[in-house]
Amino acid sequence: EGLAGIIPRDYDADIDFPYAVAFVEDAEGGTLLTASYLHHRIRATNLRTGLTDTFAGRKFQRGHAGDGGPADAALLDTPTGLVVDAETRIVYIAESDGGRVRAVDLGSR
């Protein structure tokens, strides 16, 4: 068996131009974060269930708003990089057009 059709299993995953991925280890078997470049958001795929939802950003809405609030209500500007600091449980999101690095605390989700 190959990876095709395994990640994501959710046909509604809606990941467009996946630019970067990062793994978040958790008690449920882990989450794969994918930077959806043209949708201006980060998608989270539960590796146990295969279901995908929005981790950060809003589809087709680019910008720089939302710092300090819920990550899935924030605006991102073409995310192209992801890094997870396993010790601090912070996800760093690099925005290519925005020229910024955003941070999401996994403990706040």
Side-chain angles (χ1 to χ4, degrees):
E1 286 184 37
L3 290 177
I6 295 173
I7 302 172
R9 293 180 205 141
D10 185 356
Y11 291 110
D12 295 322
D14 202 19
I15 298 170
D16 193 25
F17 282 87
Y19 228 82
V21 295
F23 176 74
V24 177
E25 188 173 347
D26 58 35
E28 295 183 10
T31 299
L32 184 70
L33 299 177
T34 305
S36 185
Y37 177 79
L38 290 181
H39 285 178
H40 307 289
R41 63 186 177 170
I42 308 302
R43 302 291 278 160
T45 302
N46 180 306
L47 296 178
R48 184 178 54 79
T49 66
L51 297 177
T52 301
D53 64 2
T54 297
F55 176 80
R58 291 185 279 174
K59 185 176 182 179
F60 297 132
Q61 296 181 26
R62 76 192 281 188
H64 307 289
D67 289 350
D72 59 356
L75 296 179
L76 301 177
D77 193 351
T78 54
T80 55
L82 290 170
V83 173
V84 177
D85 184 326
E87 187 174 317
T88 63
R89 306 279 299 158
I90 302 286
V91 176
Y92 295 96
I93 303 166
E95 300 174 319
S96 65
D97 287 356
R100 299 170 50 152
V101 176
R102 312 284 288 278
V104 177
D105 183 342
L106 289 167
S108 69
R109 292 193 43 84

**Q** Could I get the full list of ring pair (Phe, Tyr, Trp, His ring centres under 6.0 Å) partners for H40, not counting sequence neighbours?
**A**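 With neighbours one apart ignored, the set is empty.
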**Q** Under the salt bridge (charged side-chain N to carboxylate O under 4.0 Å, His left out) rule, what pairs show up with a residue in residues 75-92, not counting sequence neighbours?
**A**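 Sorted pair list: R62-D77.
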**Q** Take D67 and R100 through the test side-chain contact (heavy atoms from CB on, under 4.5 Å) and record every step on the way to the result.
**A** CA-CA 12 Å; D67 289 350; R100 299 170 50 152; 3.0 Å; yes
**Q** Can you tell me how far CG of D53 sits from OG1 of T31, rounded to the nearest 0.5 angstrom?
**A**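 Answer for the OG1-CG pair, T31 versus D53, is 8.5 Å.
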**Q** Test T80 against E95 for side-chain contact (heavy atoms from CB on, under 4.5 Å), laying out the working first.
**A** CA-CA 6 Å; T80 55; E95 300 174 319; over 6 Å; no
**Q** Would you give the length of the straight line joining atom CG of L47 to atom CD of E25, rounded to the nearest 0.5 angstrom?
**A**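 So the CG of L47 and the CD of E25 are separated by 11.0 Å.
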**Q** For the residue pair F55 and V91, establish whether any side-chain heavy-atom pair is separated by less than 4.5 Å.
**A**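 The answer is yes; the side chains approach within 4.5 Å.
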**Q** Hey, mind stepping through F60 and H39 against side-chain contact (heavy atoms from CB on, under 4.5 Å) and telling me if it holds?
**A** CA-CA 5 Å; F60 297 132; H39 285 178; 3.3 Å; yes
**Q** If every non-hydrogen atom of L33 is compared with every non-hydrogen atom of L82, which pair is closest and at what distance?
**A**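 Taking every non-hydrogen atom into account, O-CD1, 3.6 Å.
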**Q** What closest approach, in Å, do I93 and A56 show between heavy atoms, and which atom pair accounts for it?
**A**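 Closest approach of I93 to A56: CD1-CB, 4.1 Å.
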**Q** Can you list everything that forms a side-chain contact (heavy atoms from CB on, under 4.5 Å) with A65? Sequence neighbours excluded, please.
**A**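 Residues passing side-chain contact (heavy atoms from CB on, under 4.5 Å) with A65: L75.
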**Q** Test of understanding: with salt bridge (charged side-chain N to carboxylate O under 4.0 Å, His left out), list the residues that count as partners of R58, not counting sequence neighbours.
**A**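 Counting only residues at least two positions away or on another chain, R58 forms no salt bridge (charged side-chain N to carboxylate O under 4.0 Å, His left out).
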**Q** Can you name the closest pair of heavy atoms from I90 and A103 and give their distance?
**A**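 Looks like CG2-CB, 3.8 Å.
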**Q** Which atom names give the shortest non-hydrogen contact between T34 and V21, and what distance separates them?
**A**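 Heavy atoms only, the tightest pair is OG1-CG1, 3.8 Å.
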**Q** Might you confirm whether atom CD of Q61 has over 12 heavy atoms from other residues, nucleotides or ligands at distances under 6.0 Å?
**A**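 Yes, CD of Q61 has more than 12 neighbouring heavy atoms, counting only those of other groups under 6.0 Å.
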**Q** Heavy atoms only: give me the nearest R41-L76 pair and the separation to one decimal.
**A**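 Looking at all heavy atoms of both residues, the closest pair is CA-CD1, 3.9 Å.
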**Q** Check S36 against P79 and note the closest heavy-atom contact, atom names and distance.
**A**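 Scanning both residues completely, I find the closest heavy atoms to be O-CG, 4.0 Å.
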**Q** Could you tell me which residues satisfy side chain to side chain donor-acceptor pair (under 3.5 Å) with S96, sequence neighbours excluded, listed by chain and number?
**A**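 Per chain and number, S96 pairs via side chain to side chain donor-acceptor pair (under 3.5 Å) with T78.
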**Q** Which residues end up grouped with Y37 if you chain together Ile, Leu, Val, Met, Phe, Trp and Tyr wherever their side-chain heavy atoms are less than 4.5 Å apart?
**A**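 Joined to Y37, directly or through intermediates: F17, Y19, L38.
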